[in-house]
Protein chains: 2
Amino acid sequence: MLRDQVCFALYAASRALTDVYRPLLDEFGLTYPQYLVLLVLWERGDDPPTVSELGAALRLDSGTLSPLLKRLAAAGLVVRTRSALDERRVEVGLTADGAALRQRMTDVPLRVACSTGLDETELVALRDTLTRVTETIHRQKEQ
Amino acid sequence: MLRDQVCFALYAASRALTDVYRPLLDEFGLTYPQYLVLLVLWERGDDPPTVSELGAALRLDSGTLSPLLKRLAAAGLVVRTRSALDERRVEVGLTADGAALRQRMTDVPLRVACSTGLDETELVALRDTLTRVTETIHRQKEQ
DNA sequence: CCCGGATAAGTTGTGCGCAATTGAATTGCG
DNA sequence: CGCAATTCAATTGCGCACAACTTATCCGGG
């Protein structure tokens with residue numbers, strides 16, 4: 001029964017992949033969610049996102065992001081600044097250290113992808129299926 | 001970049017599916033990991049597993065399972081008994097209430113599967129791919 | 001038989017993830 | 001303009017996950 005459940009397969013695979021990331025990220029003092037935040041920030045270049053925009057990208061709320069960002073700020077990788085235009089917003093920008101980390105971590109995704117044992121084609125197919133599932137579910141929630 | 005990452009797709013899909021489970025399980029006062037534990041216990045019939053055996057099935061350690069099982073016991077769904085043969089072991093058995101829940105929850109997996117928008121064939125293919133990835137990773141860890 | 005290592009479960013501490021609430025700032029409607 | 005509804009981030013509380021450690025039990029060699 002357990003073996004038949006797609007959800008358990010998803011849950012187990014997600015934790016297994018995070019296990020692969022853990023030792024790689026440990027070298028940089030990062031957790032996987034923290035790494036995801038950095039991925040978003042690196043992608044944005046200048047134009048730092050607000051906490052909400054980060055949350056929309058990662059599907060995490062302020063209850064998760066606020067303390068996480070506080071830890072990234074304490075590590076000197078990120079700065080949080082109140083927006084001058086709208087004082088409710090907090091913009092999350094990279095420090096020089098945070099930006100520099102990008103170059104040092106370029107090989108991390110490849111090393112993780114290899115550990116799955118899937119080839120390029122299978123990886124792309126898997127990613128697309130999963131993205132479709134996630135979007136189907138979120139579209140349903142909006143109604 | 002974020003969009004390219006298989007790992008993020010997996011992480012997001014796993015959380016999205018748990019979101020689908022949440023309202024269904026809430027009616028029974030269960031969380032998703034607690035439901036997984038019950039799935040294992042239902043499968044075993046008599047012959048209650050030890051904490052370690054549960055952990056091997058779900059890939060969770062005693063640090064996660066001990067407090068979780070304590071909550072299931074407090075809810076009256078489970079009983080924990082020291083093994084007479086080996087007093088280090090704790091066997092986890094179902095109460096009448098815990099066993100009875102099985103019938104009341106038979107339609108849960110189907111309702112969740114529907115929300116993914118995938119057909120039977122795609123679901124099986126996805127499950128098999130994910131199971132393969134998980135096993136590949138765990139095989140690597142053992143060396 | 002005894003003791004050293006191994007094994008099982010539990011505990012502690014940290015960091016998510018999410019619901020619910022709070023408090024401050026902004027928007028929009030009358 | 002004025003104030004009620006909304007938006008945004010932060011906080012609180014709870015339940016996983018997981019590493020590291022503790023305690024109790026068992027096993028096996030000498």
Side-chain angles (χ1 to χ4, degrees), chain A residues 8 11-23 25-26 29-38 48-56 58-75 78 80-92 138 141, chain B residues 7-8 11-23 25-26 28-38 48-56 58-75 78 80-92 138 141:
Chain A
F8 174 68
Y11 164 79
S14 179
R15 284 190 297 128
L17 266 189
T18 304
D19 272 2
V20 177
Y21 267 109
R22 202 184 321 281
L25 297 180
D26 262 359
L30 293 174
T31 65
Y32 183 63
Q34 290 167 9
Y35 170 69
L36 290 178
V37 166
L38 291 179
T50 64
V51 174
S52 296
E53 287 167 338
L54 265 176
L58 300 175
R59 303 212 173 267
L60 293 170
D61 67 3
S62 68
T64 300
L65 286 174
S66 287
L68 186 158
L69 293 170
K70 205 176 280 185
R71 283 185 283 270
L72 280 181
V78 141
R80 297 182 300 156
T81 52
R82 286 270 161 199
S83 162
L85 275 76
D86 183 344
E87 298 236 334
R88 290 171 304 180
R89 296 168 182 266
V90 168
E91 288 162 1
V92 182
H138 286 119
K141 288 202 81 168
Chain B
C7 298
F8 175 68
Y11 165 80
S14 179
R15 285 189 297 127
L17 265 188
T18 304
D19 272 2
V20 176
Y21 267 108
R22 202 183 321 282
L25 297 180
D26 262 359
F28 302 95
L30 294 175
T31 64
Y32 183 62
Q34 289 168 9
Y35 170 69
L36 290 179
V37 167
L38 290 179
T50 65
V51 174
S52 295
E53 287 167 339
L54 265 176
L58 300 174
R59 303 211 173 269
L60 292 171
D61 66 4
S62 68
T64 300
L65 286 175
S66 286
L68 187 157
L69 292 171
K70 205 176 279 184
R71 283 185 284 271
L72 281 181
V78 142
R80 297 183 298 157
T81 51
R82 285 273 160 198
S83 162
L85 276 75
D86 183 343
E87 299 236 334
R88 290 172 304 178
R89 295 168 182 266
V90 168
E91 288 161 2
V92 182
H138 286 119
K141 289 201 82 168

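Heavy atoms only: backbone and side chains are in, while hydrogens, waters and symmetry mates are out. Every chain is numbered from 1 and lettered A, B, ... according to where its sequence line falls, protein lines coming before strand lines.
Considering all non-hydrogen atoms of both residues, L58(B) and R15(A) come closest at O-NH2, 2.8 Å. E91(B) and S83(B) make their closest contact through OE2-CB, 3.6 Å (heavy atoms, listed as atom of the first residue, atom of the second, distance). The shortest non-hydrogen separation linking K70(A) to R80(A) is CG-NH2, 3.7 Å. Residue V37(B) comes nearest to L72(B) through the heavy atom pair CG1-CD1, 3.8 Å, listed as atom of the first residue, atom of the second, then distance.
Across every strand in view, dT21(C) sits in a pair with dA10(D) that passes the Watson-Crick or G-U test at under 3.5 angstrom.
Taking atom CG on D61(B) and atom C1' on dT11(C), their separation rounds to 12 Å, with Å as the unit. When rounded to the nearest whole Å, the span between CZ of F8(B) and C1' of dG17(C) equals 14 Å. Across the protein-nucleic acid pair, R15(A) atom CZ and dA19(D) atom P stand 11 Å apart, rounded to whole Å. Atom CD in E53(B) sits about 15 Å away from atom P in dT7(C), given to the nearest Å. Per the geometry, NE2 belonging to H138(A) stands 12 Å off C1' belonging to dC18(C), to the nearest Å. Whole-Å rounding puts the L68(B) CG to dT11(C) C1' distance at 16 Å. Note: CG (L54(B)) to P (dC16(D)) measures 14 Å, nearest angstrom. Atoms CD (E87(A)) and P (dA10(D)) sit 13 Å apart, rounded to a whole Å.
For S62(B) against dG10(C), a side-chain N or O and a base N or O form a donor-acceptor pair under 3.5 Å. Judged by atom type and distance alone, S66(B) does not reach the base of dA9(C) through any side-chain donor-acceptor pair under 3.5 Å.
Along DNA chain C, the nucleotide nearest to L60(A) and the one nearest to A84(A) differ in position, and the one closer to the 5' end is contacted by L60(A). A residue-by-residue look at K70(A) and R22(A) shows that K70(A) has its nearest nucleotide of DNA chain D further toward the 5' end. Nearest-nucleotide positions on DNA chain C place R89(B) closer to the 5' end than the other of Y11(B) and R89(B).
Residue R82(B) places no side-chain N or O under 4.0 Å from the OP1 or OP2 atom of dA8(C). Dashed line: the shortest gap from a side-chain N or O of T31(B) to OP1 or OP2 of dC16(D) is under 4.0 Å.
Nearest to the side chain of V51(A), among dG10(C), dA9(D), dC16(D), sits dA9(D). Here dA25(C) is the nucleotide among dA25(C), dG17(C), dG10(C) with the atom lying nearest to any side-chain atom of D86(A). Taking the side chain of R88(B) as heavy atoms from C-beta on, and the options dC18(C), dC26(D), dC18(D), the nearest nucleotide is dC26(D). Here the side chain of Q34(B) is nearest to one of dC16(D), dA9(C), dC8(D), namely dC16(D). Each of dG15(D), dA10(D), dT11(D) was ranked by its minimum atom distance to the side chain of R71(B); first place goes to dG15(D).
Once rounded to the nearest 0.5 Å, the distance linking OH of Y35(B) with CG of L30(B) reads 9.5 Å.
Counting any heavy atom pair closer than 4.0 Å across all strands shown, L69(B) reaches no nucleic acid atom. Here T50(B) lies in heavy-atom contact (under 4.0 Å) with sugar-phosphate atoms only. Among the atoms of the strands shown, only primed sugar atoms or phosphate atoms (P, OP1, OP2) are found under 4.0 Å from some heavy atom of L85(A).
No option in L60(B), L36(B), L69(B), L68(B) other than L69(B) meets the side-chain contact (heavy atoms from CB on, under 4.5 Å) test with L54(B).
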